[in-house]
Amino acid sequence: MLLSGHNPITGYVALFQGVFGEIYYFGETLQRMTPLIFSGLAVAFALRTGLLNIGVEGQLIVGWFASVFVGIVVEAPMIIHLPLAMAAGAIAGALWGFVPGLLKAKFEVHEVIVTIMMNYIALHIVNHFIRNNLLASGQRTDFINSSASLSSEYLAALTDFSRLHWGFLIAIISCVIMWFILWKTTKGFELRAVGFNKNASSYAGMNVNFNIILSMSVSGAFAGVGGAMLGLGTYQYANILPAFTSYGFDGIAVALLGGSTSIGIFLAAFLFGGLKEGANNMQAAAGVAPELVEIIIALIIFFVASSYLVRWIYTKLQFKKEGK
Amino acid sequence: MDILSILYTIIPAALIAATPLLLTALGGLFSERSGIVNIGLEGLMVMGAFGGIVGTLIFESLGFGDAAPWMGILFAIVIGAIFSLFHAVASITLKADQIVSGVALNFLAVGLSVFIVKEVFDRGQTDVVASRIPRVEIPLLSDIPVIGQLIFPRVYATTYIAFVLVAIVWYVVFKTPFGLRLRSVGEHPIAADTMGINVNRMRYIAVMLSGAFGGAGGAIFAITTAGNFAGNTIVGQGFMALAALIFGKWHPVGAMGAAIFFGFAQALSISAQQIPGLDNVPQVYMLILPYVLTILALAGFVGKAESPKALNQPYEKGSR
Amino acid sequence: MEYVIEMNNIRKEFPGIVANDNITLQVKQGEIHALLGENGAGKSTLMNVLFGLYQPEKGEIRVRGEKVAITDPNVATECGIGMVHQHFMLIEKFTVTENIILGKEPKKGTTINLRKAEKDVAEISERYGLKVDPRSKIEDISVGMQQRVEILKTLYRGANILIFDEPTAALTPQEIKELIQIMKNLIKEGKSIILITHKLKEIMQVCDRCTVIRRGEGIGTVNVSEMTESTLAEMMVGREISFEVEKKEAKPTNPVLTIKDLIVEDIRRVNVVNKLNLEVKAGEILGVAGVDGNGQTELIEAITGLRSLKSGTISVSGQDISGYKPRRVTESGVGHIPQDRHKHGLVLDFTVGENILLQTYYQKPYTSKGILNYTKMYDKSRGLIEEYDVRTPNEKTFARALSGGNQQKAIIAREIDRSPELLIAAQPTRGLDVGAIEFIHRKLVEEREKGRAVLLVSLELDEVLNLSDRIAVIYNGEIVDILDTKDTDEKELGLLMAGGKRDVGDVQ
Amino acid sequence: ACGEENNESTPINDGGNNANEAADNSADENTGNNEAAGEGEAFTAQMVTDIGGVDDRSFNESAWAGLTLFGEDYPNAEVGYVQSSDASDYAPNLNRIAREGTDISFAIGFLMEDDIKTVAAQNEDQNFAIVDTVVTDDNGDLIPNIANITFAEHEGSFLVGAVAAMQSETDHIGFIGGVEGELIKKFESGFKAGAKFVNPDIEIATQYAQNFNDASKGQQIGNAMYGNGADIIFHAAGATGNGLITDAIERAQDGENVWVIGVDQDQALTQGDWDDGNVILTSMVKRVDEAVYQVAESTMNGEYPGGEVLEFTLEDAGVGIAESRENVSEEALTAVEEYTDMIINGEIVVPKTDEEYEEFEGSL
Ligand SMILES: Nc1ncnc2c1ncn2[C@@H]1O[C@H](COP(=O)(O)OP(=O)(O)OP(=O)(O)O)[C@@H](O)[C@H]1O
Ligand SMILES: Nc1ncnc2c1ncn2[C@@H]1O[C@H](COP(=O)(O)OP(=O)(O)OP(=O)(O)O)[C@@H](O)[C@H]1O
Ligand SMILES: [Mg+2]
Ligand SMILES: [Mg+2]
């Protein structure tokens, strides 16, 4: 920042104030991190099974669309409608994860390419459906029925009209769910085993192919629910997307930064959400280009990834202790 | 439009679209053949596009005229190679997870390039370059009746250069000592080490080559197609290049085939509306066509792609 | 200047452990010098120091009397030192020639001069009697030939001091014989050799002198001619070792495993198991002897459900298990100690405890309603760790951190504890030291005594002869003969393994 | 310079030098009020850009130019902008400037329609304006604290359509749209109507790139259209159009006689140059700057057009044909003037949608 002739202290103060300065911004930060938690969970879940899901972006898009579709088309009391809409998002995302999972399991097709391709397919198909079947005004669909909405007057009032919605709580619960599935259930044990060593897993009688498909589907479901957060929470509609939302790609960073653990993902999503929210204030209050935040995020990821250095020193110290 | 004139439109379009993908995929080939995953190709292309445009603008203003875009590409190659050092240091020296490092590289590229553009040009995008890469055809060969224009169409000089590079890369990787060592490092770094090969140095060279090629790919896209640079000049081409690399089974000729295939599918999807018979097909089918075809091709006949054995494994001396 | 190599007072530390402590090793010109020690004693480490892969904390190295600092393998190569590593350092997708010339390629312009390279390779292999096909890919050739490639690599670089780290662990008896011949040829050509092996018989056979190390410390150097196998073993372990497996007369009862007309294809759709018939009875150990690549792997995979059968039937205790998935096979009473413990036996990034329950985690009481009970899992594994003497800090240590012997013990604990009626043991003692071998052999015999059927598949004839009650010889995917152990010997088996009455040649 | 500002409630962004001056001028005075503009206090006008930013060579840039000029003309006025990095930034950014007590907050682009509605409801005493769309409440009524700025893009497009039809040598022209939707349909319908009005037999190729940022696609569509015989192509496709221009330049260099008609701004000023001229025939300009300036000015004068729809048409020069028209023939320019009058008089009613266009075509 110094190099570009801005006062870095003002910049960072503005960044910080952009998150914690007013309760409104804090609410917005939490709102912003909600889909990031989901995309992070999605990436992490697949990663635990040894799969790199670059398709979170596409899974999130179809989840967004499907939840909004159900939110608009279905008439039902909230107790049915909201879960139904979320389930639609989850199923759509799961389906979008299922395809690369299936191809990987049956034909050994590299999941990275298939998921990249599936992202584009999701984008075009969803845009096509909105444009031809659901266009209400401008580039978006109608608003969803309030019975499918996650928005919360209570949370909004608490945070001075921010768009914080119940989805935030669902995100926290989902973190717990992922942790529970992976570390407490029998299926999670299998998924992790497959992730580490496919051969040994199949020797131990696990169905490797099934676990790959399952893992990609669950991963996709997380992403799909993340999309539902946008459709049922933040925006209340789906719109024609001119380009990718980038939640999916951010999710890779969130998952990796969070070490693919639930708590880590929560914290990383908060960091990302905060940086992005704060960036707007930094721009407004200190005249610093918001791209700076992207640079900061990238550098943070580099440092975290390079923790080898720290780890190496740490183990060295520990061995010394044990040696004595 | 008859078949022939359709082909006359589509083929050059396909080859032009394939060129940046191909070059970037060739770069990725070096890196991945040495055992370093490079998800950061996208970011390298971004830096290349940035360097290519900024370089061209600078050389234009210095009065280099028609040579400016070529010097811009060279500038981008240097920028790409330098920028790739982030990935190299993190994933080779600091043993960072290579995928994490690649993802960070992508973030960094967009942030850094747009930030610099804003600071230097005081706006979010650069000016449009005035001088362009010329379109050429191969003199005698393209004069062959009918097929001459099909096989050797009028495309950018850079496209032909890219094809020549495929042959050169193939030669380097499979015929020279450098290539043998490069591949050995990607297959079995410990073995290579015991044979006196400096594993990390090879990997540094490979990653920097991927930066240079990715830089060239990005620059060529920016100069020939976009004309200027902004944060959204490169959106996903790097990922497509990665897909081409894997689709092409980490082989230069395979990558070339995949890149042309992507380019062809894209050109077809775009030109379809102008082609009688295809113009009534809903556009969405045409838009998703390249991606669906790729998936089908992979599932159907291309089959399993076997990656270099030591891909994504940091090398620590003395480990086993 | 008597010694070609002198390593004086070498000390090498790893975080928390002293792998070599004040070790001295002196090798004379023209001798085969054995280096003996238990698993983890520090042999490989010492040789890696000599080869420049590790830097010692203390001590000096002299090559032909001259003090040298071997900072990396290049320096070692310049000093004429070559090393054949315990785990082969070969690149599978490269050809034999490419592997040999890597790092020192003959060139023509900028291109590798493959023709000259192939000629050079052929020349050296001729001279030392190391038969290889310069153009084959490593992944397509036998282990024995791979080893010859390793040796050629060192010779190509002009090595005259060769280090062999456990070269015979993966070889067939025939290949071992050839290797010994090769070593003798090398000595004749004026080379010196350092040989690491756990097989005392080999030391007795070819070595002149032997240096013994125990837990990183040098015990001493002796003339082999003055020693016997048991005195060497004692020197190494520090206690007496019994080589003969003590076992009572077998009392085989009803058949447990019955295989009828089994045909199995490999990936290339070639029949690798060919109309095979076999029966293993309760209370006996049936050993399968054969040269590697005669269908043993595919046979085991077919029994355990990892590979589909083309035709024929497999039944266990009267239940037809042909076509069962691995899980159902296991549940039908089959235990399996796979031959490659890292690839198939363990999830190295799981804890020892998790690995011990890798076959049973989904059963009660470890799982109820889909939820894992880690407390129960770790309780169970703690017990087994103790019972099977798995040396690990605790059950929550990652399997990766254990030595090979202890990893193997964890697998054996897992498989035997399920009390399978049929226990398949493939190469159960590969690369282990005598102490660990003794333990594992005892466990297998105990199983037999309990009335289980044990199918032992091993490339080591000694092991087969020592343990089995009956021996089935496999050749070309068929059982060519089944013999009573008492009525046969190594020589006869060797002949049968090589295809009956035919000449014993180079089988690939 | 901004960093020194000691008052947190005046977060003005210096997008350019002029704005900087404006900010510096006003720094002497007390700017720390949160109330609406009163006597002797600075008037503040700010805008939220969409993802493109204030230099997108399109409406954001144009809007910012208008605000900047406004700040120059009225030294007492402070102007500023906040750029959005993605769609989720719109609401917080609008909220941010509204909460600072900005006297008029502009939302640039119809994508902010829903967000401005919410924010306007939450900040009822604040004045807002949005460009390119009309915002209504749930009953379809206009909202009192939102001014709606729209343009008669179809009218301007009609003129360039007519020019294209007159100058096409192949009687074959083309239109490339960014993303299909109400807004871009106005460009398309107007363009086609203008062309058909001149030459009912003219062939018009249309295609949507479904993307405002894909130069590669622009190039390929252009390539296909030109290859198919079109010689003049009008684009309303943002950065996608850059690819079209590239293709045209290369064809021009190759001796082909092809042209591009630019959009939003006078694109010939920044693009299209080749060895022997410029491939941009002319451009259909849309004076967002003019509109923003006017709305800011009226608001300052106490005439805030809240709850109104302001359509900037040919008549008030809100849309029209660009200054750069050297490549346009005399004959065509005369026709343009004639049609301009006819449109203003109401003799020609330019279609805005597909249905209206079909009707129009039928009536020819
Ligand atoms: N890379 C390493 N990092 C840390 N410790 C190591 C490493 N390699 C070896 N050690 C330690 O050094 C000791 C000696 O190991 P080494 O591999 O030399 O044994 P060895 O005698 O070759 O055993 P084996 O007969 O099984 O081959 C081991 O017990 C181990 O604790
Ligand atoms: N990279 C490493 N880091 C830490 N400790 C290691 C490492 N490699 C080996 N060890 C330690 O070395 C010891 C022996 O390892 P080693 O691989 O030599 O065993 P082994 O019995 O020779 O196994 P194998 O038969 O597989 O060669 C183990 O106790 C293990 O903890
Ligand atoms: Mg060992
Ligand atoms: Mg060893």
Side-chain angles (χ1 to χ4, degrees), chain B residues 29 32-35 95 97 165 167-203 205-206 209 249-251 254 303-320, chain C residues 12 14-15 19 44-45 47-49 51-55 71-78 81-95 97-114 117 138-139 149-150 153-154 156-157 163 165 267 342 400 404:
Chain B
L29 188 139
E32 302 222 333
R33 279 280 183 178
S34 82
K95 317 266 186 298
D97 185 295
L165 278 171
I168 294 176
V169 169
W170 172 82
Y171 171 79
V172 168
V173 171
F174 292 104
K175 292 289 156 195
T176 65
F178 171 81
L180 191 72
R181 295 171 185 197
L182 178 86
R183 287 180 289 135
S184 74
V185 163
E187 290 287 335
H188 198 331
I190 307 173
D193 195 359
T194 61
M195 303 295 267
I197 292 162
N198 187 332
V199 175
N200 286 354
R201 201 184 68 193
M202 284 310 290
R203 288 186 164 184
I205 294 172
L209 277 173
K249 296 187 170 179
W250 290 273
H251 194 283
K304 186 183 172 188
E306 207 176 327
S307 62
K309 261 226 179 78
L311 197 57
N312 207 6
Q313 290 170 12
Y315 177 59
E316 213 166 332
K317 236 186 156 67
S319 73
R320 27 181 179 166
Chain C
K12 171 71 202 165
F14 288 113
S44 301
T45 306
M47 289 304 103
N48 285 337
V49 167
F51 193 58
L53 284 169
Y54 295 152
Q55 298 311 306
T71 46
D72 66 63
N74 282 331
V75 179
T77 306
E78 278 165 35
I81 300 170
M83 180 155 174
V84 176
H85 296 265
Q86 180 172 4
H87 305 280
F88 287 166
M89 298 288 180
L90 295 171
I91 294 150
E92 299 223 313
K93 282 185 210 156
F94 283 12
T95 64
T97 305
E98 285 172 335
N99 267 287
I100 292 172
I101 61 168
L102 179 64
K104 194 167 176 278
E105 305 85 355
K107 276 183 269 188
K108 193 161 81 189
T110 54
T111 316
I112 297 177
N113 190 344
L114 257 189
I138 297 297
E139 57 192 3
V149 176
E150 282 282 15
K153 268 164 60 174
T154 66
Y156 178 78
R157 264 144 245 264
I163 306 164
D165 192 350
I267 323 161
H342 287 180
R400 186 177 289 289

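Just so it is clear: chains get the letters A, B, ... in the order the sequence lines come, proteins before strands, and each one is counted from 1.
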Starting at OG1 of B:T176, measure out to NZ of C:K107 and round the result to the nearest 0.5 Å. 9.0 Å
If the condition is side-chain hydrogen bond (donor to acceptor under 3.5 Å, both in side chains), which residues does C:E78 pass it with, not counting sequence neighbours? none
Working to the nearest 0.5 angstrom, can you tell me the gap between B:I197 CD1 and C:L102 CG? 3.5 Å
Spacing of B:N198 atom CG and C:D72 atom CG [to the nearest 0.5 Å]: 8.5 Å
Only pairs of heavy atoms separated by less than 4.5 Å count here; which of C:L90, C:T77, C:N113, C:N48 has the most with chain B? C:L90
Which of C:M83, C:M89, C:K104, C:E98 touches chain B most, by non-hydrogen pairs under 4.5 Å: C:M89
Looking only at B:K175, B:M195, B:H188, most heavy-atom pairs under 4.5 Å shared with chain C are made by B:M195
What's the shortest heavy-atom distance between C:N74 and B:G196, and which atoms? OD1-CA, 3.0 Å
Please list every donor-acceptor pair under 3.5 Å in which a side-chain atom of residues 178-187 of chain B meets a protein atom from a residue at least two apart or in another chain.
from	atom 1	to	atom 2	distance (Å)
B:R181	NE	C:E105	OE1	3.3
B:R181	NE	C:E105	OE2	3.0
B:R181	NH2	C:G103	O	3.1
B:R181	NH2	C:E105	OE1	2.6
B:R183	NE	B:V173	O	3.0
B:S184	OG	B:R181	O	2.7
B:E187	OE2	C:K93	NZ	3.2

